[in-house]
Every structure is written in structure tokens, then in C-alpha cells.
Amino acid sequence: MAVAAAAALAREGREDAFRRLFRFYRRRDLRGGPDLRAVIDFSAPGDQVVSSDLSISSVRDQDAYRAGLRPVSQWKAYGLDGYPGFIFISNPFLPGCQRHWVKQCLKLYPQKPNVRNLDMHMAAEETVDLWGQSQEHLRSKGSSKREPRSLLEKLRWVTVGYHYNWDTKKYSADHYTPFPSDLAFLSEQVAAACGFQGFQAEAGILNYYHFDSSLGIHVDESELDHSQPLLSFSFGQSSIFLLGGLKRDEAPTAMFMHSGDIMVMSGFSRLLYHAVPRVLPNPEGTALPLCLEQAFPSDFPDRSVIEHCSEEDWQICTKYLQTSRINMTIRQVLPVGQSFPDESRRDKEWDATSESCYHQEDSEVKRHKLDTDS
């Protein structure tokens with residue numbers, strides 16, 4: 001019945017089937033059960049799910065291991081009927097290795113000179129040490145929703161590499177900081193396994209979600225090279241991801257993303273509408289997904305990009321992840337050998353006072369209108 005209801009809702013008023021399903025899954029009374037039966041779970045693939053072939057020989061086992069990944073031959077990769085170029089990889093990370101990426105997203109990547117949403121409305125001296133300022137707050141934080149949030153909990157997005165300009169919806173050569181080498185290596189291995197050898201990780205947008213957060217309906221089209229894939233990595237609590245078509249009147253397909261899962265949008269699927277209407281507690285019923293509780297390997301190679309996460313650091317990460325999800329989306333911006341076209345002076349201006357509707361939160365609706373058309 002729930003599947004039929006969701007389908008009927010999408011068909012109603014075909015002018016914008018995507019928005020209708022977005023609102024359906026955004027409903028505040030959605031707490032699991034039959035309403036979620038229409039959502040694809042790749043841990044138990046159904047009829048629409050097909051197996052996806054990977055380029056096993058393109059990634060050496062040693063390089064996968066250095067990135068904290070299992071050998072590609074052990075990955076479980078899937079596609080969806082009607083979505084050529086879409087690849088879903090169910091948690092290919094080695095035990096304990098997701099912790100490295102969570103720690104980097106909370107402790108290292110939000111540091112300057114990278115750009116954060118906090119820069120838009122806080123003075124530089126107030127955000128010098130997000131991690132240090134948030135440690136004690138998170139350690140002592142209870143479960144009350146009325147407690148003030150730490151700076152880490154106020155993070156909504158961080159950009160690395162070529163920084164996305166939310167006003168002009170463009171990248172430019174003038175707004176760039178070095179792309180993290182460990183994240184570049186991870187991205188290159190995943191892209192190569194999916195048949196994209198030579199992929200260059202040049203821009204990343206890190207999104208930080210809480211249970212009251214969502215990601216509006218949009219297309220990632222600002223990159224100048226659409227022949228390269230969009231890579232999406234998910235850590236922490238689960239979410240519902242909607243993948244639609246080239247137009248908004250095409251009903252999207254709903255699927256779960258769990259901690260450690262990777263999505264690759266390439267080819268036809270590279271420029272499809274997509275959104276995240278909802279973040280949900282992980283389906284295992286525990287405070288954290290069990291894959292995040294696994295111990296870190298003791299025999300990692302010296303040249304690995306993965307670093308051991310101390311127990312002290314992981315305690316802070318654990319507290320954060322109990323109500324949050326982190327997503328990293330990585331892109332190649334420029335075709336190989338190509339530079340940015342000349343831009344007008346206006347396009348080059350970086351307005352650090354602007355606020356984006358890209359990342360939405362219920363508690364902010366009064367100040368920033370929930371706009372799923374962004």
C-alpha cells in the first residue's frame with residue numbers, strides 16, 4: 001500500500017513529480033515502517049536493482065588498501081534499471097577505516113583556508129579552532145534539543161579545492177585551495193574502479209546533516225567537464241536519496257544511503273535531478289552503525305593515507321555522529337589540459353556575505369525559506 005501511495009503521489013499533478021515525493025519523504029511523522037517500503041535498500045536488492053561490473057584490474061589491491069578500501073574484487077556494486085551510469089557501492093571500506101574520513105571531515109577539512117558556511121555570518125576570530133572549541137561542548141552534551149549547538153554542529157558545508165560560488169553557481173581559478181591529498185587518492189581509486197582512470201579530484205563539497213536537515217532538489221552542472229563522474233561518500237546516520245530524471249516532472253526513485261556507501265553518477269545519470277529529503281537513524285537501531293564500531297587494522301602499510309584515529313578524537317566524532325550524517329561529494333571541474341574561460345569582473349567577485357539555500361534545516365525555515373527549487 002505504501003509503495004502504491006508513493007507512486008500515486010508522484011503521478012498526481014505531473015508538473016512536478018519530484019517535489020511531491022520530496023515532500024512525502026520529508027513529512028515529520030515519518031518514523032520508519034510501511035511508509036519506507038518504497039525505498040530501495042541495496043543491502044537487500046529488489047527487482048529494479050541490477051549488478052554493476054567494476055574495472056577490477058584498474059586498482060591494485062595495495063592501492064585500495066592504502067585508501068582504506070577492500071580489494072575491488074570484493075566490492076558489491078549495483079545499478080538501477082533506467083539509470084545508465086549510476087553505480088551504488090555498498091560500504092567497501094575496511095573495518096575501522098571510515099573513522100579516518102569522519103575525523104578528517106570534522107577536525108581537518110573545516111580548517112582554513114577551506115571555506116565554510118560559518119564564514120558567511122561569523123567573524124574569523126570566532127571560528128579559528130572549530131574542533132578545539134567544540135570538544136568539551138560535545139563531551140558534556142546531553143540529549144536535549146534545547147541545548148545550544150557547538151560550532152561543529154553549526155557546520156552545514158565546507159568546500160575544498162575549487163570553491164563553489166553559491167551566488168554565481170560557478171567555480172573559478174581565483175578561488176582555490178589545495179585539494180586534500182588523502183581524499184584525492186581515495187576518490188581516484190573509486191573512480192578508476194568504476195572505469196574512470198585519470199579522474200582528477202579538483203573540488204569537494206562536504207555536507208553536514210542532522211536529523212532535521214535536507215538537501216534541496218538540484219543538478220550538479222557547474223563543472224566544465226561532465227564526462228567525469230560525481231562521487232558521493234556517506235558516513236554516520238542513514239538518509240533517503242532521491243534520483244530523478246532530466247526534468248522535474250519525472251518521478252524520482254528513492255533509495256537508502258547507509259554509512260560507508262558510495263554513489264557514482266556518470267554518463268546519462270551525471271546530470272539528473274537529485275535530493276536528500278530526510279536523514280534517518282541507522283536501521284540497526286544502535287546509536288551508531290555497527291560498521292563504525294569496528295576496530296582499526298593494526299597492520300596498515302606505512303604509505304597508507306589512512307591515519308589511526310585516537311580514542312579521544314573518536315569520542316568526539318561518536319558524539320557528533322549520534323545525531324548526524326556527513327557526505328562528501330567529489331568532482332573533476334576541468335577537462336584535462338583546459339583552463340577556466342575568461343570571466344567578467346562581476347563573476348570573479350566573491351561575496352562572502354551570501355547564504356545558500358543548498359543545505360536546508362527545519363530550525364532555519366523562519367530565517368531562510370525552504371526552497372526545493374534551488
Side-chain angles (χ1 to χ4, degrees), residues 40-45 49-56 58-59 61 63-80 83-102 104-105 109 160 180 182-197 199-201 203-207 209 215 220 228-243 253-267 269-270 272 274 276 279 282 289 291-292 294 305-306 321 325-332:
I40 292 173
D41 192 337
F42 288 93
S43 63
V49 177
V50 297
S51 62
S52 182
D53 294 329
L54 297 173
S55 182
I56 296 175
S58 295
V59 180
D61 289 353
D63 287 334
Y65 199 54
R66 286 180 58 205
L69 300 166
R70 303 178 189 275
V72 177
S73 59
Q74 298 178 15
W75 295 8
K76 296 180 179 179
Y78 306 97
L80 289 174
Y83 294 97
F86 175 79
I87 304 172
F88 189 102
I89 303 169
S90 294
N91 185 14
F93 289 92
L94 289 164
C97 290
Q98 288 187 53
R99 295 187 178 192
H100 169 85
W101 302 108
V102 171
Q104 297 295 79
C105 286
Y109 299 156
V160 299
D182 58 347
L183 185 51
F185 186 77
L186 169 69
S187 303
E188 289 160 7
Q189 307 318 305
V190 173
C194 294
F196 295 93
Q197 288 183 294
F199 173 83
Q200 297 179 5
I205 299 178
L206 318 180
N207 278 300
Y209 299 85
L215 179 66
D220 291 293
Q228 295 297 330
L230 177 75
L231 310 180
S232 176
F233 302 84
S234 192
F235 304 107
Q237 301 299 325
S238 299
S239 70
I240 296 175
F241 180 81
L242 298 180
L243 181 62
T253 296
M255 62 198 81
F256 287 114
M257 281 198 77
H258 302 307
S259 192
D261 290 344
I262 302 172
M263 288 195 312
V264 179
M265 296 172 66
S266 66
S269 295
R270 175 63 176 78
L272 299 182
H274 54 280
V276 178
V279 176
N282 89 83
C291 60
L292 290 173
Q294 296 172 320
V305 302
I306 300 294
L321 289 180
R325 168 182 178 257
I326 299 171
N327 179 257
M328 310 187 301
T329 57
I330 313 302
R331 315 103 191 281
Q332 178 171 326

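Below, all heavy atoms of this structure are taken into account, side chains as well, without hydrogens, waters or symmetry copies.
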When every non-hydrogen atom of P95 is compared with those of Q294, the smallest separation belongs to CA-OE1, 3.5 Å
Apply side chain to side chain contact (heavy atoms under 4.5 Å, CB included) to L206 and N327, showing your working. CA-CA 6 Å; L206 318 180; N327 179 257; over 6 Å; no
Check your understanding: Is any side-chain heavy atom of L243 less than 4.5 Å from a side-chain heavy atom of L272?
Key -> yes
d(F42 CZ, I89 CD1) to nearest 0.5 Å is 11.0 Å
Practice prompt. Assess whether side-chain hydrogen bond (donor to acceptor under 3.5 Å, both in side chains) is satisfied between T253 and Y83, documenting all intermediate values.
Written response: CA-CA 10 Å; T253 296; Y83 294 97; 2.9 Å; yes
In this structure, CG of N207 is separated from CD1 of I326 (nearest 0.5 Å) by 10.5 Å
Note: S266 and G85 closest approach over all heavy atoms is OG-O, 2.7 Å
Donor-acceptor under 3.5 Å (T329 side chain, I205 main chain): yes
**Asked** When you measure from the side chain of S259 to the backbone N and O of P289, does any donor-acceptor pair fall under 3.5 Å?
**Response** no
message = side chain to side chain contact (heavy atoms under 4.5 Å, CB included) for C194 and L54? Distances and angles first, verdict last.
response = CA-CA 5 Å; C194 294; L54 297 173; 4.1 Å; yes
| request: Could you check I240 against V276 for side chain to side chain contact (heavy atoms under 4.5 Å, CB included), going step by step and ending with a plain yes or no? | output: CA-CA 6 Å; I240 296 175; V276 178; over 6 Å; no
| Flag, side chain of Q228 to backbone of Q332, donor-acceptor distance under 3.5 Å | no
| query | Does any non-hydrogen side-chain atom of V50 lie less than 4.5 Å from one of Y78? | reply | no
Quick one: does NZ or CZ of R66 land under 6.0 Å from the six-membered ring centre of F185, within 45 degrees of the ring axis?
yes
- Message: Using side-chain heavy atoms (C-beta onward) and a distance below 4.5 Å, is I306 in contact with R99?
- Response: no
I'd like to check M263 versus I87 (side-chain heavy atoms, cut-off strictly below 4.5 Å). Are they in contact?
no
For the residue pair S234 / R325, report whether a side-chain donor-acceptor contact shorter than 3.5 Å exists. yes
Is any side-chain heavy atom of L215 closer than 4.5 Å to a side-chain heavy atom of Y209?
yes
Heavy-atom closest pair (H274 atom, D220 atom, distance to 0.1 Å) is NE2-OD2, 2.8 Å
Taken to the nearest 0.5 Å, the spacing of Q237 CD from L292 CG works out to 9.0 Å
Is there a side chain to side chain contact (heavy atoms under 4.5 Å, CB included) between H258 and N282 once you walk through the steps?
CA-CA 7 Å; H258 302 307; N282 89 83; 5.9 Å; no
All heavy atoms of C291 vs all of N91, minimum pair found to be CB-ND2, 3.8 Å
To the nearest 0.5 Å, atom CE of M255 lies from atom CG of D261 at 11.0 Å
Is the F256-F88 ring centre distance short of 6.0 angstrom? no
Q. Side chains of W101 and F93: does their closest heavy-atom pair fall under 4.5 Å?
A. yes
S52 and G79 have their tightest heavy-atom pair at CB-N, 3.9 Å
When rounded to the nearest 0.5 Å, the distance separating CZ of F199 from CD1 of I330 is 7.5 Å
Interatomic distance, CD1@I40 vs CE@M257, rounded to 0.5 Å, equals 13.5 Å
State, with a plain yes or no, whether a side-chain heavy atom of Q189 is found less than 4.5 Å away from one of V72. no
**Prompt:** Would you say the side chain of V190 lies within less than 4.5 Å of the side chain of I262, judging by non-hydrogen atoms?
**Reply:** yes
L231 and S187 have their tightest heavy-atom pair at CD1-O, 3.4 Å
